[in-house]
Each structure stands twice: as C-alpha cells, then as structure tokens.
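None of these values were measured; they are calculated from a predicted model. Positions are given from 1 along the sequence.
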Amino acid sequence: MKAFTRLDGLVAPMDRANVDTDLIIPKQFLKSIRRSGFGPNLFDELRYLDEGRPDMDNSQRPLNPDFPLNFPRYQGANILLARENFGCGSSREHAPWALDGFGFRAVIAPSFADIFRSNCFKNGLLPIALPADTVEGLFAAMYAEEGYRLTIDLEQQVVSTPAGDTIGFEVDAFRRDCLLKGLDDIGITLESEGAIRA
C-alpha cells in the first residue's frame with residue numbers, strides 16, 4: 001500500500017449527497033478480486049453515455065460532457081470534494097479501489113458511511129470529514145478558481161487552502177499510523193513476522 005504523508009493536489013467535485021458504492025463502482029464490474037483496473041469505471045453511469053460492461057475498451061466509449069470529472073479543468077485531480085454520507089450502500093471494497101485507480105488519494109466530505117471509511121483506510125485512501133459549512137466553503141472556492149488545489153498534511157492533520165487558511169481534521173491514531181507507514185492489514189500482520197515464526 002502506498003504511504004500517505006503529505007499531498008498537494010488538484011480538487012474535483014462530486015457535488016451530491018448520499019453517493020452510494022454502486023454509483024462509485026457499479027455492480028457489473030465486481031467480478032474481479034484484483035485491486036487494480038477499476039479506475040476507468042469509477043462513476044461509470046455518470047461518466048459515460050452508454051452502458052458499461054466488464055472488459056470493454058473504455059477509450060472508445062462516449063463521455064458525458066456534463067459530468068465534472070470529464071471537464072478539462074479537473075483532469076489529474078487527486079482530491080475529491082463530496083457531500084454528506086459519501087460511500088453509503090453496500091460494503092464493497094471495490095469502491096476505494098476504483099477511486100484509487102482513477103488517481104484520487106483523498107476524499108473530503110461532511111460524513112462517510114462507516115464501512116466505506118474503514119475500507120478507504122485499508123487501501124491507502126484518506127477520508128477527511130469536515131463540518132458541512134467548511135465543505136460548502138471549499139466547494140465555493142473550488143468553483144470560483146480553476147486549478148483549485150489543497151495541501152493535506154496527514155502528520156499534522158491539517159488541510160491548507162491557497163488563501164492560507166488551515167483546517168484541522170481528526171483521524172484515528174492507529175489508522176493514521178498505518179497510512180503514514182503505508183501498511184495495509186497484511187503489512188500490519190507482517191510487522192509481527194518474528195513473533196509469528198516463533
């Protein structure tokens with residue numbers, strides 16, 4: 001798993017509440033248990049104008065010109081700004097795999113579904129919960145400024161804005177330590193390899 005320490009990233013919007021895991025990665029793409037290859041189908045039914053199927057050549061599919069992640073200004077974004085209850089619905093771990101595969105390293109929202117939040121930490125994706133009015137302010141600033149970027153410092157647990165504001169956030173100490181070291185569940189277990197062998 002990739003370690004997460006500090007991220008300076010372009011921000012893109014998912015400006016709707018209650019985005020569920022089936023919208024993040026639709027059920028027809030869940031046949032694979034590999035952690036890779038899901039990025040092209042992230043938000044599939046919103047990103048494309050046709051119906052997606054596994055093993056399609058996504059490069060030939062018609063893009064939805066009204067979906068923000070297809071806008072030129074958000075290309076290369078690695079921070080997703082979302083609304084409340086992001087990641088609700090079924091517990092599929094494929095959702096953070098798809099976000100990571102697309103290039104996102106962090107998601108900022110007022111709240112997350114518990115299982116989705118846990119799956120993010122286990123897969124190197126940082127979910128940051130901030131007050132709704134703070135998130136609203138970030139949306140306004142992002143829409144007003146093309147190329148809007150944020151800096152996330154996990155060690156200090158702060159988000160810094162281009163205006164010079166710093167916004168603190170809370171992360172469970174164990175999960176923070178795992179992200180800083182790049183340890184997933186297997187990596188955590190292997191830290192005790194000596195004791196296991198003994």
Side-chain angles (χ1 to χ4, degrees), residues 1-25 42-43 46 67-69 71 73-93 95-100 102-182:
M1 187 172 87
K2 295 176 286 189
F4 189 117
T5 52
R6 192 172 186 274
L7 174 67
D8 174 51
L10 180 66
V11 183
M14 174 46 69
D15 199 348
R16 59 169 71 190
N18 304 308
V19 171
D20 64 27
T21 53
D22 192 52
L23 193 62
I24 296 171
I25 183 72
L42 175 71
F43 301 123
L46 298 176
F67 184 57
L69 291 189
F71 295 178
R73 67 180 285 180
Y74 299 123
Q75 297 311 298
N78 52 10
I79 299 172
L80 185 66
L81 190 59
R83 298 292 185 178
E84 61 271 8
N85 201 28
F86 188 82
C88 57
S90 67
S91 60
R92 63 191 68 166
E93 199 167 4
W97 294 351
L99 287 158
D100 177 71
F102 187 81
F104 290 114
R105 293 298 321 275
V107 182
I108 298 173
S111 59
F112 298 90
D114 289 342
I115 294 174
F116 172 81
R117 182 181 175 90
S118 176
N119 284 338
C120 284
F121 283 120
K122 292 178 181 181
N123 289 281
L125 188 69
L126 177 60
I128 298 175
L130 296 177
D133 59 341
T134 301
V135 172
E136 185 63 48
L138 291 175
F139 267 107
M142 179 200 59
Y143 285 135
E145 181 184 331
E146 187 166 346
Y148 187 76
R149 303 180 73 86
L150 293 171
T151 300
I152 299 170
D153 187 327
L154 178 57
E155 199 161 25
Q156 300 300 317
Q157 294 181 206
V158 294
V159 176
S160 301
T161 72
D165 299 319
T166 57
I167 306 160
F169 61 90
E170 295 296 321
V171 177
D172 173 82
F174 172 73
R175 291 298 183 192
R176 174 178 169 271
D177 189 55
C178 290
L179 276 178
L180 287 170
K181 294 177 180 176

Can you tell me how far [atom2] of [Y] sits from [atom1] of [X], rounded to the nearest 0.5 angstrom?
X     : Y      : atom1 : atom2 : value
Cys88 : Asp22  : SG    : CG    : 10.5 Å
Phe4  : Cys120 : CZ    : SG    : 11.5 Å
Ser90 : Ile25  : OG    : CD1   : 11.0 Å
Thr5  : Leu126 : OG1   : CG    : 11.0 Å

With the side chain counted from C-beta on, respond yes when [X] and [Y] share a heavy-atom pair under 4.5 Å apart, and no when they do not.
X      : Y      : answer
Leu150 : Thr161 : yes
Asp15  : Tyr143 : yes
Gln156 : Thr166 : no
Leu42  : Trp97  : no
Pro110 : Glu136 : no
Ile79  : Phe104 : no
Leu99  : Phe116 : yes

If you draw a 6.0 Å radius around [atom1] in [X], do more than 12 non-hydrogen atoms from other residues or ligands fall strictly inside?
X      : atom1 : result
Asn18  : CG    : yes
Leu10  : CG    : yes
Glu155 : CD    : no

- [ ] Report the C-alpha separation of Tyr74 and Met142 in whole Å, then their side-chain angles, then the decisive distance to 0.1 Å, and conclude whether the side chain to side chain contact (heavy atoms under 4.5 Å, CB included) test is met.
- [x] CA-CA 10 Å; Tyr74 299 123; Met142 179 200 59; 4.3 Å; yes
Would you find a donor on one side and an acceptor on the other, under 3.5 Å apart, between the side chain of [X] and the backbone of [Y]?
X      : Y      : answer
Glu84  : Phe112 : no
Arg16  : Arg83  : no
Asn123 : Leu125 : no
Arg176 : Gln157 : no
Arg6   : Thr151 : no
Arg149 : Asp8   : yes

Which pair of heavy atoms, one from [X] and one from [Y], lies closest together, and at what distance?
X      : Y      : value
Glu93  : Lys122 : OE2-CB, 4.5 Å
Gly89  : Thr21  : C-OG1, 4.0 Å
Asn119 : Ser91  : ND2-O, 3.1 Å
Gly124 : Met1   : N-SD, 3.1 Å
Arg117 : Glu170 : NH2-O, 4.0 Å
Phe139 : Pro13  : CE2-CB, 3.8 Å

TODO: Starting from the C-alpha separation in whole Å, work towards a yes-or-no answer on side chain to side chain contact (heavy atoms under 4.5 Å, CB included) for Ile108 and Phe169.
DONE: CA-CA 10 Å; Ile108 298 173; Phe169 61 90; over 6 Å; no
Task: Verdict with supporting geometry, Arg105 and Ile152, side chain to side chain contact (heavy atoms under 4.5 Å, CB included) - done: CA-CA 10 Å; Arg105 293 298 321 275; Ile152 299 170; over 6 Å; no
- [ ] I would like to know whether Val11 and Leu138 meet side chain to side chain contact (heavy atoms under 4.5 Å, CB included); could you show each step before the answer?
- [x] CA-CA 9 Å; Val11 183; Leu138 291 175; over 6 Å; no
Task: Ser111 and Asn85 side chains, donor-acceptor separation under 3.5 Å - done: no
